[in-house]
Amino acid sequence: MKLTILGGGGFRVPLVYGALLGDRGEGRVTEVVLHDLDAGRLSAVTRVLAEQAARVQDAPQVSATTDLDEALRGADFVFSAIRVGGLEGRAEDERVALAEGVLGQETVGAGGIAYGLRTVPVAVDIARRVARLAPDAWVINFTNPAGLVTEAMSRHLGDRVIGICDSPVGLGRRIARVLGANPNEAWIDYVGLNHLGWVRGLKIAGRDELPRLLADPDLLGSFEEGKLFGVDWLQSLGAIPNEYLHYYYFNREAVRAYQQAEKTRGAFLADQQARFYDEVGAPGVKALDVWDRTRAEREATYMSENRETAGAGERDADDLSGGYEKVALALMRAIARDERTTLILNVRNQGTLSVLDNDAVIEVPCLVDANGAHPVSVAPLPDHATGLVCSVKAVEREVLAAAESASRTTAVKAFALHPLVDSVNVARKLVEGYTSVHPGLAYLK
């Protein structure tokens, strides 16, 4: 079975390959094709993968190419993990937004909109090529903003594109662990959009144990989200939010922390990964050791400004092991082998949430089999969550419309309507700022 990874020179590709190395049995991936626009990055990642596979019998064969059509042709699965504009683009997204006093995070607020406007045209082109060159392939989208990009691609691929994220999985795992349960045996009632969802229940042997957690301040304050949001706020909500909702609920504090930081997250990662690719390219270096060391630093500093603002301290060791590659492998196995499972995924709504239309991509538990991912019926969201979900989905639709029409006016509308952008005038300045620094936004007229 052939797997094509778009963004194959990306830093997290070894996580995916490591998961593949542990997979055995019929229907496993035997061929991995890495595609990237940067041949140097491809070479570096290929070295890491070769060292990973050195002691593994029958490891999937790896090849690399800068030719997109060649990479796609004949693929059974396509992982899309591209970053349009690179980490330097992410750093610019943060800088322009923070200069206007609003959030520049890559998936939330102004930064997420700018990233989406750059990425959607490229993702749509990929979707069209997949439909032409590998019509039977399943596309698993890692590319952020994951929900928005998955919806853009679904307009050309239908339900054969599925978005994934490890945040809901990590959240459910932490809650189950605190309750003394096996995460693999828990049913997580999670509903929302990508990076905008809530755990409203966690059933173990048919019993919802979330009320027990919410009623115990010591237990509730003992894990990442309890520390990040505070016990009182979680009890007020009656649910556990995805960590990215910290940007909404504590927006003023988050913006101030990012403005005061020595470097934004994007600038930090750009510098860190530049060092990584330089070091791996040196003769005699053990590429896998360099990658392991760099990844550990990356994971330990994740959302550090938010945790500092909340006084949450360091991340727990159990939260440093990644996770999205495990979701991707489980999804791929379920489809390829009809190994039925339940995963929280980004899929088309199909009536699951009545406040959104059928084509809106949402993030919910899905039953997965050989025919793809099927969203599970869920109870309606409470009013406060419904309002936020509908507002952000409306913004995503304006981003898609702006990308399709190349309309600068529609792009301004997308920024202005976002809950974390507080002025139409600020929205206009953001569009001016982003189009001046991003060649990838030159299409907006």
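Keep in mind that the numbers below use all heavy atoms, side chains included, and drop hydrogens, waters and symmetry copies. These numbers were taken from a predicted model, which means no experiment stands behind them.
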With a 4.5 Å cut-off on side-chain heavy atoms, are [Y] and [X] touching?
| X | Y | value |
| --- | --- | --- |
| Tyr249 | Leu237 | yes |
| Tyr247 | His195 | no |
| Val33 | His35 | no |
| Leu34 | Leu49 | yes |

Among Ile162, Thr150, Val130, Val78, which residue meets the side-chain contact (heavy atoms from CB on, under 4.5 Å) test with Leu157?
-> Val130
For the pair [X] and [Y], find out whether any cationic side-chain nitrogen is under 4.0 Å from an anionic carboxylate oxygen.
| X | Y | value |
| --- | --- | --- |
| Arg340 | Asp338 | yes |
| Asp271 | Arg275 | no |
| Glu151 | Lys393 | yes |
| Asp58 | Arg24 | no |
| Glu297 | Arg293 | no |

Are [X] and [Y] close enough that a side-chain donor and a side-chain acceptor fall under 3.5 Å?
| X | Y | value |
| --- | --- | --- |
| Thr301 | Arg265 | yes |
| Thr294 | Gln272 | no |
| Thr107 | Asn144 | no |

What is the ring orientation for [X] with [Y], classed by angle as parallel under 30°, tilted 30 to 60°, or perpendicular over 60°?
| X | Y | answer |
| --- | --- | --- |
| Phe79 | Phe142 | tilted |
| His438 | Tyr434 | parallel |
| Trp291 | Phe11 | tilted |

Point-to-point distance, once rounded to the nearest 0.5 Å, from CH2 of Trp187 to OG1 of Thr342 | 5.0 Å
Hey, is the main chain of Leu98 close enough, under 3.5 Å, to the side chain of Gln259 for a donor-acceptor pair?
-> yes
Spell out, as yes or no, whether a donor-acceptor pair under 3.5 Å connects the side chain of Glu339 to the backbone of Arg333.
-> no
